[in-house]
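Take a look at the structure below.
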Amino acid sequence: MLKPGSLDITDVAVDKPLRDEVLVRTLGSGLCHSDLHVIDGDYGAAGLDAPGGMLFGHEASGLVEAVGEDVTYVRPGDHVVTFPLQYCGHCEYCLRGRPTLCTDSPGARSASAPPRLTRQGRPVFQFNNLGGFAEQMLVHEHALVKIDPEYPMDRAAIIGCGVATGFGGVVNTAAVRAGSAVAVIGLGGVGLAAVQTASLVGAGQIIAVDTEPAKLDLALELGASHRVDASSADPVGEVLELSGGGVDYSFEAIGLRTTVEQSVRMLRRAGIATVLGIAVGQRIELDGGLFVHERRLQGSLMGSCRPRTDLPRIVELDLAGRLDLRRFIDRRIALEEINDGYDAMRRRRIAGRRVITFSQ
Ligand SMILES: NC(=O)c1ccc[n+]([C@@H]2O[C@H](COP(=O)([O-])OP(=O)(O)OC[C@H]3O[C@@H](n4cnc5c(N)ncnc54)[C@H](O)[C@@H]3O)[C@@H](O)[C@H]2O)c1
Ligand SMILES: [Zn+2]
Ligand SMILES: [Zn+2]
């Protein structure tokens, strides 16, 4: 099913929910670069060899249609968003309050059970155990977060991955302090969420870095105080100059070796660089002298979010007008336009997030 660079639209049979599973009618599904990394073969990924192919889509919203007999968290009619990592609740990391690092995820069905999804009788792999680019999703209940039914479902679609990662990267992983200087490199859905959250928590200076003028303009509208065009030159010099010697926090939201390196080189003493982008397989090269004055480089998986508490908070902040996620949606498209959408992402033409909407 997976041809490099393009997706096929096809029919898939969906099983009934087993004990801890939930069947969701999909209403919205965002296009995130993490799908594209795998579609374009940037690195290998589990499930690419599934006999029935791989079903992508890992930030989605929908309505609960049916639940398995052990499900207690949701019931039919609930409004939900998906989360790409499913926690067990009993491993060391879950007990330490770090569910995104869970080592015993219950997200997939056990191999001894019949497959959740099949295509002409052959098992289909669900990316992130979700498969949000389909009219229905059959998932573990820990893949879902209940949200306020008043919240618009197209916007809800982008919360579970892109917004959670940018928001959580700022408030959880880096814990940005009010008044500090922040730089965000890469202004897609993830980077824009980091910009807006840095503004929400009171960063003093927010420097937005991208190669595309339209994205820089949008970042300024969403809370950035300065813009640096990285299309023709290394942006580090300009960031050092604008911040008077470096930023306290930088966020890399692309997943490239050069921009990860830039994120550390633009820090002031004791500054912290947080890598939100997925740079699997790339070798990072930095002058060890940068670490003498306590600069730090760290990763952030899904913004270190605790889905059932952090995602409803994002919804509340948006409903209260403290975030403005409506402005993140670049365009609403039909499923049939998905390949055009990912082509636009490859060409860096999506200012914000593109969302597939499904009819009810
Ligand atoms: N850590 C996580 O858990 C997590 C979660 C979601 C997404 N991601 C990753 O975050 C990254 C961003 O995802 P996205 O969906 O926002 O992607 P996107 O494609 O929408 O955005 C990337 C942005 O980077 C810009 N860009 C590209 N090259 C650049 C360069 N050299 N200098 C400056 N800007 C440049 C593009 O113009 C674009 O605005 C991806 O690597 C994705 O896989 C990670
Ligand atoms: Zn766990
Ligand atoms: Zn994603």
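As a basis for the values below, the full set of heavy atoms in this structure was taken, side chains included, without hydrogen atoms, waters or symmetry mates. Throughout, numbering of the chain's residues begins at 1 and tracks the sequence. Start at 1 and go down the list; that is how both ligands and their atoms are numbered.
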Could you tell me the residue and atom name of the protein heavy atom closest to [atom], and the distance to it rounded to 0.1 Å?
| atom | value |
| --- | --- |
| atom 6 (C) of ligand 1 | C161 SG, 3.2 Å |
| atom 10 (O) of ligand 1 | G277 CA, 3.5 Å |
| atom 3 (O) of ligand 1 | M302 N, 2.7 Å |
| atom 37 (O) of ligand 1 | D210 OD1, 2.7 Å |
| atom 7 (C) of ligand 1 | S34 OG, 3.3 Å |
| atom 21 (O) of ligand 1 | G188 CA, 3.2 Å |

I want to know if ligand 1 touches [X] in the polar sense, i.e. an N/O pair below 3.5 angstrom.
| X | value |
| --- | --- |
| G189 | yes |
| V190 | yes |
| M345 | no |

message = Test of geometry: compute the angle SG(C88)-the Zn ion (ligand 2)-SG(C91) and round it to 10°.
response =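 Seen from the Zn ion (ligand 2), SG and SG are separated by roughly 110°.
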ask   = Can you give the angle C94 SG - the Zn ion (ligand 2) - C102 SG, rounded to 10°?
value =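 Answer comes to 110°, rounded to 10°.
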message = Whether R313 engages the ring of F167 as a cation-pi pair (distance to the six-membered ring centre under 6.0 angstrom, angle to the ring normal within 45°) should be assessed.
response =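 The answer is no; the distance or angle limit is not met.
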request  = In plain terms, say whether R322 and E316 are close enough for a salt bridge, that is, a side-chain N and a carboxylate O under 4.0 Å apart.
outcome  =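 Salt bridge: no.
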ask   = Between R348 and D210, is the closest basic N to carboxylate O distance under 4.0 Å?
value =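 A salt bridge is absent here (no side-chain N lies under 4.0 Å from a carboxylate O).
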With atoms numbered from 1 as shown, which atoms in ligand 1 lie under 4.0 angstrom from a non-hydrogen atom of [X]?
| X | value |
| --- | --- |
| R353 | 14 (P), 15 (O), 16 (O) |
| L187 | 23 (C), 39 (O) |
| E212 | 37 (O) |
| H37 | 40 (C), 41 (O), 42 (C), 43 (O) |
| G186 | 23 (C), 24 (O) |
| C32 | 6 (C), 7 (C), 15 (O) |
| T211 | 30 (C), 32 (N), 33 (C), 34 (N), 37 (O) |

ask   = Does the separation of the ring centres of F56 and F127 fall below 6.0 angstrom?
value =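 Aromatic pair counts; centres sit under 6.0 Å.
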Closest to [atom] (judged by heavy-atom distance), picking from [options]:
| atom | options | value |
| --- | --- | --- |
| atom 44 (C) of ligand 1 | T165, L276, T258 | L276 |
| atom 22 (C) of ligand 1 | A253, A194, A164 | A253 |
| atom 26 (N) of ligand 1 | L216, I254, I158 | I254 |
| atom 17 (O) of ligand 1 | H33, R354, E252 | H33 |

query = Strictly by modelled atom types, are R268 and S243 linked by a side-chain donor-acceptor pair under 3.5 Å?
reply =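 No, S243 and R268 have no side-chain donor paired with an acceptor closer than 3.5 Å.
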query = Between the side chains of N172 and R306, is a donor N or O closer than 3.5 angstrom to an acceptor N or O?
reply =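 Judged by distance alone, the side chains do pair up.
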request  = Taking both backbone and side-chain atoms into account, decide whether C32 has an N/O/S atom under 2.8 Å from the Zn ion (ligand 3).
outcome  =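 Within the cut-off used here (under 2.8 Å), C32 does place an N, O or S atom near the Zn ion (ligand 3).
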ask   = Does V163 belong to the same Ile/Leu/Val/Met/Phe/Trp/Tyr cluster as I350, with side-chain heavy atoms less than 4.5 Å apart forming each link?
value =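 No, because V163 and I350 fall into different hydrophobic clusters, even though each may have its own neighbours under 4.5 Å.
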query = Counting only heavy atoms, which portion of S300 has something under 4.0 Å from ligand 1: side chain, backbone, both, or neither?
reply =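 For S300, the contact with ligand 1 is made by the backbone alone.
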query = Looking only at heavy atoms, is any part of K215 under 4.0 Å from ligand 1, and if so is it the side chain, the backbone, or both, or is it neither?
reply =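 The answer is the side chain.
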message = Looking only at N, O or S atoms in H58, which is nearest to the Zn ion (ligand 3)?
response =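 Going through the N, O and S atoms of H58 one by one, NE2 ends up nearest to the Zn ion (ligand 3).
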query = Are V264 and S250 side-chain neighbours, meaning at least one heavy-atom pair lies under 4.5 Å?
reply =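 Heavy-atom side-chain distance check fails, nothing below 4.5 Å.
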query = Is there a side-chain contact between V247 and V182, using heavy atoms and a 4.5 Å cut-off?
reply =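 No, too far: nothing below the 4.5 Å cut-off.
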request  = Give a yes/no verdict on whether any heavy atom in L301 is under 4.0 Å from an atom of ligand 1.
outcome  =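 Yes, L301 has a heavy atom closer than 4.0 Å to ligand 1.
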ask   = OH of Y93: more than 12 outside heavy atoms within 6.0 angstrom?
value =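 No.
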query = Is the CD atom of E135 crowded by more than 12 outside heavy atoms at less than 6.0 Å?
reply =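 Count not over threshold, so no.
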